[in-house]
Peer 1: 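The structure's right below; bear with me while I get my questions together.
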2 protein chains.
Amino acid sequence: MGRKKELLPGTLDLLILTTLMRSPLHGYGIALSIKRLSDDFLTVEEGSLYPALQRLLLQGWVKAEWKMTDTNRRARFYALTAAGKKQLGLEVTQYEQMIAAIGRVLKGA
Amino acid sequence: MGRKKELLPGTLDLLILTTLMRSPLHGYGIALSIKRLSDDFLTVEEGSLYPALQRLLLQGWVKAEWKMTDTNRRARFYALTAAGKKQLGLEVTQYEQMIAAIGRVLKGA
DNA sequence: TCCCCATATATAGTCTATCTATGGATAGAC
DNA sequence: GTCTATCCATAGATAGACTATATATGGGGA
């Protein structure tokens, strides 16, 4: 049926913002970080990641800057803005409420 | 920004199958049940629900039968098939793994 | 009696987000 | 010198959820 799902739809922005909360990172680094922290369970495809970063830039939640990486490559580093931090707080709250609500349905309270 | 989200995308089938696990119900009743169990947090729109039920029928996870409701109306009652029960088990497992993985990223393990 | 609300099903069209597929480029290892 | 991992990015396909709409009726209240 449906192809394999790498992510729960609707959670990508949350994952990216959370990752950037810890420290600015380039796109590839964001994907790696999410993959590793999730023990390889979550994979952010490039075709999802870069459009998502563009969206976040447009909304003013992150800002970008070209720099050199540790490994001596040019890369675009993304960092949270103040608005982005606020947005992250909002998304965490909404996510937790949503998960709790789904939990109530699953348990049949 | 995006319009208000009533559901976490990707969880609708899980919610429907779970609801039908308890007892056969008609579409309207499924929506009500999810709304009530979630304390009005989750709202299943008609335009999401009926297409989803068609999908589940096509996949053979539910079967349908026209009957009269308690309130004396014709309604289509949906019930889980054996395949549907199996699928539900699968989806619950995947969902829990997904949520756990997201949790690890959010907590920054 | 008549109107309205809650109940009940369903589809067409839109929108958004994710995935697939592809293209390009370079550092460093072997 | 070639290969792999690192890095960016977009076009197109797809899926799933939402909006809007259409239809219909039982039962309660004015």
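Here is how names work: the chains are called A, B, and so on, in the same order as the sequence lines, proteins then strands, and each is numbered from 1.
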Peer 1: How close do A/Thr11 and A/Leu8 get, counting heavy atoms only, and between which atoms?
Peer 2: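 Nearest pair, atom of A/Thr11 first, then A/Leu8: OG1-O, 2.6 Å.
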Peer 1: Applying side-chain hydrogen bond (donor to acceptor under 3.5 Å, both in side chains), name anything that partners A/Ser23, two or more places apart in sequence or on another chain.
Peer 2: none
Peer 1: Just N and O in the side chain of A/Ser48: are any of them under 4.0 Å from OP1 or OP2 of C/dA17?
Peer 2: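 Answer is no, no contact under 4.0 Å.
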Peer 1: What is the nucleic acid contact for A/Leu12, judged by heavy atoms within less than 4.0 Å: base, sugar-phosphate only, or nothing?
Peer 2: sugar-phosphate
Peer 1: Are side-chain heavy atoms of B/Leu90 and B/Gln94 found at a separation under 4.5 Å?
Peer 2: yes
Peer 1: B/Ile16 and side chain to side chain contact (heavy atoms under 4.5 Å, CB included): which single residue from B/Val44, B/Leu53, B/Val62 fits?
Peer 2: B/Leu53
Peer 1: Just the rounded figure in Å: distance from C1' of D/dA9 to CZ of A/Arg74.
Peer 2: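 From A/Arg74 CZ to D/dA9 C1': 13 Å.
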Peer 1: Is any side-chain heavy atom of A/Leu56 closer than 4.5 Å to one of A/Tyr78?
Peer 2: no
Peer 1: With a 4.5 Å heavy-atom cut-off, do B/Tyr95 and A/Ile99 have their side chains touching?
Peer 2: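 A side-chain contact exists here, since the closest heavy-atom pair is under 4.5 Å.
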Peer 1: If you look at every strand shown and take non-hydrogen atoms under 4.0 Å, does A/Thr71 touch a base, only sugar-phosphate, or nothing?
Peer 2: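 Sugar-phosphate, backbone atoms only, no base.
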Peer 1: Search all heavy atoms of B/Leu42 against all heavy atoms of B/Ile34 and return the closest pair with its distance.
Peer 2: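 Looking at all heavy atoms of both residues, the shortest contact is CB-CG2, 4.0 Å.
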Peer 1: Please name the nucleotide paired to D/dC7 by Watson-Crick or G-U wobble geometry with both distances under 3.5 Å, or report none.
Peer 2: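 The answer is C/dG24, by the H-bond criterion.
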Peer 1: Taking atom C1' of C/dT14 as reference, at what distance in whole Å does atom CD of B/Glu45 sit?
Peer 2: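 Answer to the nearest Å: 15 Å.
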Peer 1: Provide, to the nearest angstrom, the distance between the CG atom belonging to B/Leu49 and the P atom belonging to C/dA10.
Peer 2: 10 Å
Peer 1: With hydrogens left out and only the distance checked, is there a donor-acceptor pair under 3.5 Å joining A/Glu46's side chain and the base of D/dC8?
Peer 2: yes
Peer 1: Whole angstrom is fine here: how far is it from CG in A/Leu7 over to P in C/dA17?
Peer 2: 14 Å
Peer 1: Which sits closer to the 5' end of DNA chain D, A/Gln54 or B/Arg55, going by the nucleotide each is nearest to?
Peer 2: A/Gln54
Peer 1: Take atom CE of A/Met68 and atom P of C/dT26, then tell me their distance rounded to the nearest Å.
Peer 2: 11 Å
Peer 1: Just the rounded figure in Å: distance from P of D/dT14 to CD of A/Glu6.
Peer 2: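 Interatomic distance, CD of A/Glu6 to P of D/dT14: 18 Å.
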Peer 1: How many Å lie between CH2 on A/Trp66 and P on D/dC7, as a whole number?
Peer 2: 12 Å
Peer 1: Classify the nucleic acid contact of A/Thr43 as base, sugar-phosphate or nothing, counting any heavy atom under 4.0 Å across all strands shown.
Peer 2: nothing
Peer 1: With heavy atoms under 4.0 Å as the rule, sort B/Phe77 into base, sugar-phosphate or nothing.
Peer 2: nothing
Peer 1: Can you tell which of D/dA17, C/dC19, C/dT9 lies closest to the side chain of B/Arg76?
Peer 2: C/dT9
Peer 1: Between A/Arg73 and B/Ala52, which residue's closest nucleotide on DNA chain D lies nearer the 5′ terminus?
Peer 2: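 Comparing both residues, the 5'-ward one is A/Arg73.
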Peer 1: How many whole angstroms separate atom CG of B/Leu56 from atom P of C/dT9?
Peer 2: 14 Å
Peer 1: Using a heavy-atom distance cut-off of less than 4.0 Å, which residues of residues 15-32 of chain B contact DNA chain C?
Peer 2: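 Contacting residues: B/His26, B/Gly27, B/Tyr28.
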Peer 1: Could you note down all residue pairs passing salt bridge (Lys or Arg N to Asp or Glu O under 4.0 Å) where residues 24-42 of chain A supplies at least one of them, sequence neighbours left out?
Peer 2: A/Asp39-B/Arg104
